[in-house]
Amino acid sequence: MFKSFMIAAAALIVASPASAQSPLTEKNLSMALAKIIAETAVEQCQKDGFRVAVAVVDRGGHLKAFLRNDGPGGHTIEIARRKALTARMFNRTTIEFVKWTEAPALAGLREVADVISLGGGVPIRAGNELIGGIGVSGAPAAERDEACANAGIAKVADQLK
């Protein structure tokens with residue numbers, strides 16, 4: 001009886017539509033691109049007169065690259081990482097995230113671990129696919145942090161299509 005049950009179960013597994021599915025494929029952020037994005041963001045902020053920390057995370061939210069210019073406060077390290085993660089997690093800039101979560105029904109999202117409601121984080125996409133995020137911290141305004149983040153992404157835009 002047990003043997004016939006096992007044969008029937010195996011037949012169901014083999015015949016199931018899930019087993020006929022092809023493996024998932026996805027684009028990922030390479031270390032080389034993450035490094036260029038981070039370096040370019042730091043360089044842009046430096047040209048603008050700001051000393052910043054920059055974090056780049058991959059599609060899983062894991063730190064892929066990090067740079068800290070000479071001089072920004074120690075708090076910028078953690079804030080940059082959390083901005084990158086928030087942009088990646090919610091697939092929107094952190095400036096957009098702040099505005100989006102002003103709605104009472106969404107305000108609780110600000111309480112998710114490692115989320116931060118400060119501008120300066122930008123999602124990184126390859127075409128329409130979300131592959132990471134960048135966070136910049138240390139410029140005197142969120143828009144300036146975001147401009148540096150966007151400069152980093154723009155540097156490799158042709159490779160993100």
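Excluded from the calculations below are hydrogen atoms, water molecules and symmetry mates; all remaining heavy atoms, backbone and side chain alike, are included. These numbers were taken from a predicted model, which means no experiment stands behind them.
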Each residue besides M31 in its hydrophobic cluster should be listed here, by chain and number; the cluster joins Ile, Leu, Val, Met, Phe, Trp and Tyr at side-chain heavy-atom distances under 4.5 Å.
none
Going by the disulfide (SG to SG under 2.5 Å) test, which pairs reach into residues 48-147, not counting sequence neighbours?
none
Could you see if I79 belongs to whatever hydrophobic cluster contains V52? Use Ile, Leu, Val, Met, Phe, Trp, Tyr and a side-chain cutoff under 4.5 Å.
no
What residue pairs, at least two apart or across chains, pass disulfide (SG to SG under 2.5 Å) with a residue in residues 82-126?
none
Residues 114-143 side chain polar contacts: donor-acceptor under 3.5 Å, at least two apart:
unit_1, atom_1, unit_2, atom_2, d
D114, OD1, R81, NH2, 3.1
R125, NE, N91, OD1, 3.2
R125, NH2, N91, O, 3.3
R125, NH2, N91, OD1, 3.0
E129, OE2, K27, N, 3.0
E129, OE2, R59, NH1, 3.2
E129, OE2, R59, NH2, 3.3

Sequence neighbours left out, cut at 3.5 Å: what donor-acceptor pairs do the side chains of residues 98-107 make with other protein atoms?
unit_1, atom_1, unit_2, atom_2, d
T101, OG1, F97, O, 2.8
T101, OG1, V98, O, 3.3
T101, OG1, R110, NE, 2.6
T101, OG1, R110, NH2, 3.1

Taking L85 as the starting point, is it possible to reach I77 by hopping between hydrophobic residues whose side chains are less than 4.5 Å apart?
no
Identify whether M89 and V54 are in the same connected component of the hydrophobic contact network (ILVMFWY, side-chain heavy atoms under 4.5 Å).
no
Indicate, with yes or no, if I95 and V57 share a hydrophobic cluster defined by side-chain heavy-atom contacts under 4.5 Å among Ile, Leu, Val, Met, Phe, Trp and Tyr.
no
side-chain hydrogen bond (donor to acceptor under 3.5 Å, both in side chains) partners for E146, two or more places apart
none
Salt bridge (charged side-chain N to carboxylate O under 4.0 Å, His left out) contacts in which one or both residues fall within residues 83-97, not counting sequence neighbours
K83-D145
Mind jotting down which residue pairs meet the disulfide (SG to SG under 2.5 Å) criterion with at least one end in residues 52-139? Sequence neighbours excluded, please.
none
Residues 150-161 vs salt bridge (charged side-chain N to carboxylate O under 4.0 Å, His left out), sequence neighbours excluded, gives none
How long is the span from the OG atom in S30 to the CD1 atom in I37, to the nearest 0.5 Å?
8.0 Å
Residues that N28 engages under side-chain hydrogen bond (donor to acceptor under 3.5 Å, both in side chains), provided they are two or more places apart:
none
Under 3.5 Å, which donor-acceptor pairs link side chains of residues 61-71 to any protein atom two or more places apart or in another chain?
unit_1, atom_1, unit_2, atom_2, d
K64, NZ, L29, O, 3.4
R68, NH2, P72, O, 2.5
N69, ND2, Q46, OE1, 3.4

Run the side chain to side chain contact (heavy atoms under 4.5 Å, CB included) test on D48 and R144 for me, step by step, so that the C-alpha distance in whole Å, both residues' side-chain angles and the decisive distance to 0.1 Å come before the verdict.
CA-CA 9 Å; D48 295 340; R144 291 180 172 177; over 6 Å; no
If you look only at pairs with a residue in residues 129-161, which of them pass as a disulfide (SG to SG under 2.5 Å), with sequence neighbours excluded?
C45-C148
Do D58 side-chain atoms and G60 backbone N/O form a donor-acceptor pair below 3.5 Å?
yes
